[in-house]
Undergrad: 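Encoded as structure tokens, here's the structure I'll be asking about.
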Amino acid sequence: QVQLVESGGGSVQAGGSLRLSCSVSGYIYSRGCMAWFRQAPGKEREGVAAISVGSGTSYVDSVKVRFTISREYSKNTLFLQMNSLKPEDTDMYYCAANYALNCRLTESAFPIWGQGTQVTVSS
């Protein structure tokens, strides 16, 4: 059974940085994509960044240059390094995974989810 557990969220001032971690168990990295999504109350879940089987990465335009997705196999962990944070980055952030080659940043492409970690950026 696949389990994804996020951590690293918190409160930070605009311009600051946070690194989110997603501890992964029971998942075979070579068989699918992993991604980070975010969601504000009452809004749709938005894809932020994805990393493919071949380590190709993709990002939503609003976070390009500022955010970096990566993974460390030896620690079974997915990361999201977030720099130059803005108040509009305030959201609950979720780790997600699938067993497919499809790395499109759409919620329907990812059937496996963590419980989320809150990020709050103050101005």
Side-chain angles (χ1 to χ4, degrees):
Q1 182 178 355
V2 178
Q3 282 195 314
L4 307 177
V5 180
E6 302 93 335
S7 62
S11 297
V12 64
Q13 288 193 327
S17 298
L18 284 173
R19 188 172 82 156
L20 305 184
S21 299
C22 174
S23 178
V24 182
S25 61
Y27 178 73
I28 303 173
Y29 290 102
S30 62
R31 293 181 59 187
C33 300
M34 296 199 72
W36 288 95
F37 284 74
R38 63 187 180 185
Q39 186 174 26
K43 293 189 176 181
E44 291 187 357
R45 197 165 288 188
E46 176 188 43
V48 175
I51 186 164
S52 70
V53 170
S55 297
T57 57
S58 59
Y59 300 89
V60 67
D61 286 347
S62 60
V63 307
K64 282 180 179 177
V65 179
R66 300 188 298 123
F67 291 11
T68 303
I69 187 171
S70 63
R71 59 190 173 202
E72 189 165 338
Y73 291 111
S74 62
K75 295 183 178 179
N76 289 326
T77 305
L78 179 74
F79 299 102
L80 184 68
Q81 178 66 44
M82 305 187 296
N83 300 326
S84 302
L85 282 161
K86 304 175 181 180
E88 51 263 43
D89 294 318
T90 295
D91 270 324
M92 183 73 79
Y93 283 72
Y94 298 89
C95 175
N98 66 23
Y99 280 125
L101 296 178
N102 180 9
C103 278
R104 286 193 307 161
L105 284 171
T106 56
E107 187 176 357
S108 61
F110 292 86
I112 306 166
W113 294 87
Q115 83 290 347
T117 186
Q118 178 67 39
V119 171
T120 302
V121 184
S122 58
S123 57

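Residue numbers run from 1 in the order of the sequence given.
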Undergrad: Is the shortest side-chain heavy-atom distance between R71 and S55 below 4.5 Å?
TA: yes
Undergrad: Can you tell if the side chain of I69 reaches within under 4.5 Å of the side chain of Y59, non-hydrogen atoms only?
TA: yes
Undergrad: Would you say the side-chain atoms of E107 pair up with the backbone N or O of G47, donor to acceptor, closer than 3.5 Å?
TA: no
Undergrad: Check whether any side-chain N or O of Y94 sits under 3.5 Å from a backbone N or O of A35 as a donor-acceptor pair, and report yes or no.
TA: no
Undergrad: Considering only NZ, NE, NH1 and NH2 on the basic side and carboxylate oxygens on the acidic side, decide whether K43 and D91 come within less than 4.0 Å.
TA: no
Undergrad: Flag the pair F79 / C22 as yes when at least one side-chain heavy-atom distance between them is below 4.5 Å, and no otherwise.
TA: no
Undergrad: Run through Q118, Q39, R38 and flag the one making a side chain to side chain donor-acceptor pair (under 3.5 Å) with Y93.
TA: R38
Undergrad: Q81 side chain to T68 main-chain N or O, any donor-acceptor pair under 3.5 Å?
TA: no
Undergrad: Just wondering, are more than 12 heavy atoms of other shown residues or ligands nearer than 6.0 Å to CD in E44?
TA: no
Undergrad: Within the 4.5 Å heavy-atom criterion, are C33 and F110 side-chain neighbours or not?
TA: yes
Undergrad: So that I can tick it off, tell me whether K64 and D61 are bridged by a salt bridge, with the cut-off set at under 4.0 angstrom between side-chain N and carboxylate O.
TA: yes
Undergrad: Are W113 and V2 packed together at the side-chain level, in the sense that at least one heavy-atom pair is separated by less than 4.5 angstrom?
TA: no
Undergrad: Any side-chain heavy atom of S7 sitting closer than 4.5 Å to one from T117?
TA: no
Undergrad: What I'd like to find out is whether the side chain of P111 reaches to under 4.5 Å of the side chain of N98, using heavy atoms alone.
TA: yes
Undergrad: To the nearest 0.5 Å, what is the distance between CG (N76) and OG (S21)?
TA: 12.5 Å
Undergrad: Do M82 and V12 make a side-chain contact, defined as non-hydrogen atoms from C-beta onward lying under 4.5 Å apart?
TA: no
Undergrad: Using modelled atom types only, decide if a donor and an acceptor are shared between the side chain of R31 and the backbone of Y27 within a distance under 3.5 Å.
TA: no
Undergrad: Test your reading of the model: is there a side-chain donor-acceptor pair from T90 to the backbone of V121, 3.5 Å cut-off?
TA: yes
